[in-house]
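Have a look at the structure below before the remarks.
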Amino acid sequence: MKRTKLVNHLNELLKPFQINDYCPNGLQVEGKDTIKKLVTGVTASQALIDAAIEKGADAIVVHHGYFWKGEDQTVTGMKKRRLQALLKHDVSLFAYHLPLDVHPELGNNAQLGELLGISIERPLEPWNKSSVAVKGKLSQPITVEAFAALIEEKLGRSPLINKAGDHLIQTVAWCTGGGQSFIDLAASQGIDAYLTGEASEQTIHSSNEQNIHFFAAGHHATERYGVKALGEYLAEQFKLDVEFIDINNPV
Ligand SMILES: [Zn+2]
């Protein structure tokens, strides 16, 4: 398919213009005009680029791209090597950050919720149009240990757990990636447990002092599923050859 058609379709689907973000969303690096093979992955790291080139990809779609607000604007070192590899092989890079967290079906939060059997009831900040964290409910109350086991089974890694009290878990708030700062908001809404990718030192105090169980299941591990679902959607919609490449990251 034509690259321009894919750009337009993705922008219509994910509506990046509706969200305040820290990076440009959409086509970040322009490659060849026609796309047959597409690789998806969490982060546009050198390892993902090299793997995509090896597979003969014409374009890469990621959740974490480049050109973050506040980053060094020069094209040197690691950034030079990444861009050089893309440009040399005429490979396009598409990146969708927050728009891919919040999409109601293909988004990271929706996909993680589906994987764990928690349906989204509403955003954690209904007043904020760019809100990423969400709130939902398990079909029945379960123990902290059972919820941790469920995460480990579905994500293939054991989460960091902070048990804060004896209560069971039924209501859950979550935000994939580095969403640990939302724990206080979740606690203020009386939610049983908060799940995200990463933890900070103060997250544990927030958890303990506000009786909200906390789980950090990995930034990478919680954000595999949105871009993977997006790739599967594109494969079906446009008969593209799409491959998800998981470059392991322990964080
Ligand atoms: Zn992220």
Side-chain angles (χ1 to χ4, degrees), residues 10 13-16 18-29 39-49 51-52 60-72 78-79 82 93-116 118 120 123-125 128-136 151 154-157 159-160 172-183 185-186 194-200 202-203 214-231 244-251:
L10 286 172
L13 179 74
L14 298 169
K15 304 188 171 30
Q18 289 184 350
I19 296 171
N20 277 326
D21 208 338
Y22 320 97
C23 64
N25 285 289
L27 182 65
Q28 290 193 335
V29 179
V39 157
T40 56
V42 178
T43 300
S45 63
Q46 190 72 54
L48 181 72
I49 295 167
I60 304 173
V61 179
V62 294
H63 179 51
H64 301 136
Y66 306 148
F67 316 119
W68 299 90
K69 219 172 256 176
E71 84 174 21
D72 183 357
M78 182 172 88
K79 196 197 267 176
R82 290 171 167 186
L93 177 69
F94 294 84
Y96 288 92
H97 182 233
L98 296 184
L100 192 56
D101 284 320
V102 302
H103 189 275
E105 287 109 45
L106 301 171
N108 280 320
N109 283 328
Q111 288 291 321
L112 185 65
E114 199 180 308
L115 194 67
L116 297 174
I118 332 165
I120 296 179
L124 201 57
E125 304 171 289
N128 178 1
K129 262 178 67 184
S130 301
S131 175
V132 281
V134 290
K135 174 193 180 290
I151 293 169
K154 298 294 184 185
L155 270 62
R157 50 171 285 160
L160 181 150
V172 180
W174 72 102
C175 179
T176 63
Q180 61 267 54
S181 61
F182 289 109
I183 189 173
L185 190 59
Y194 184 65
L195 164 67
T196 186
E198 296 184 38
S200 300
Q202 70 260 31
T203 317
F214 174 71
F215 300 83
H219 190 135
H220 172 90
T222 56
E223 294 199 324
R224 286 181 197 128
Y225 305 99
V227 79
K228 189 164 181 277
L230 178 63
F244 174 73
I245 299 182
D246 193 28
I247 306 285
N248 185 48
N249 185 332
V251 172

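Sequential numbering from 1 along the given sequence is applied to the chain's residues. Whatever order the structure lists them in is the order used to number ligands and atoms, beginning at 1.
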_the Zn ion (ligand 1) to nearest N/O/S of His219 below 2.8 Å_ =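 A backbone or side-chain N, O or S atom of His219 is under 2.8 Å from the Zn ion (ligand 1).
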
*Is it true that the side chains of Asp101 and Asn108 contain a donor and an acceptor less than 3.5 Å apart?*
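A donor-acceptor contact under 3.5 Å links the two side chains.
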
*Considering only N, O or S atoms, which atom of Glu223 is nearest to the Zn ion (ligand 1)?*
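Result: OE1.
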
*Considering only N, O or S atoms, which atom of His64 is nearest to the Zn ion (ligand 1)?*
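Restricting His64 to its N, O and S atoms, the minimum distance to the Zn ion (ligand 1) goes to NE2.
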
*How long is the span from the OG1 atom in Thr222 to the CH2 atom in Trp174, to the nearest 0.5 Å?*
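Here the interatomic distance stands at 12.5 Å.
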
*Just how far is it from atom NZ of Lys15 to atom OH of Tyr96, taken to the nearest 0.5 Å?*
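Lys15 NZ to Tyr96 OH: 11.5 Å, rounded to 0.5 Å.
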
_Once you measure the plane-to-plane angle for His64 and His97, does it fall in the parallel (<30°), tilted (30-60°) or perpendicular (>60°) bin?_
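Rings of His64 and His97: tilted, as their planes differ by 30° to 60°.
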
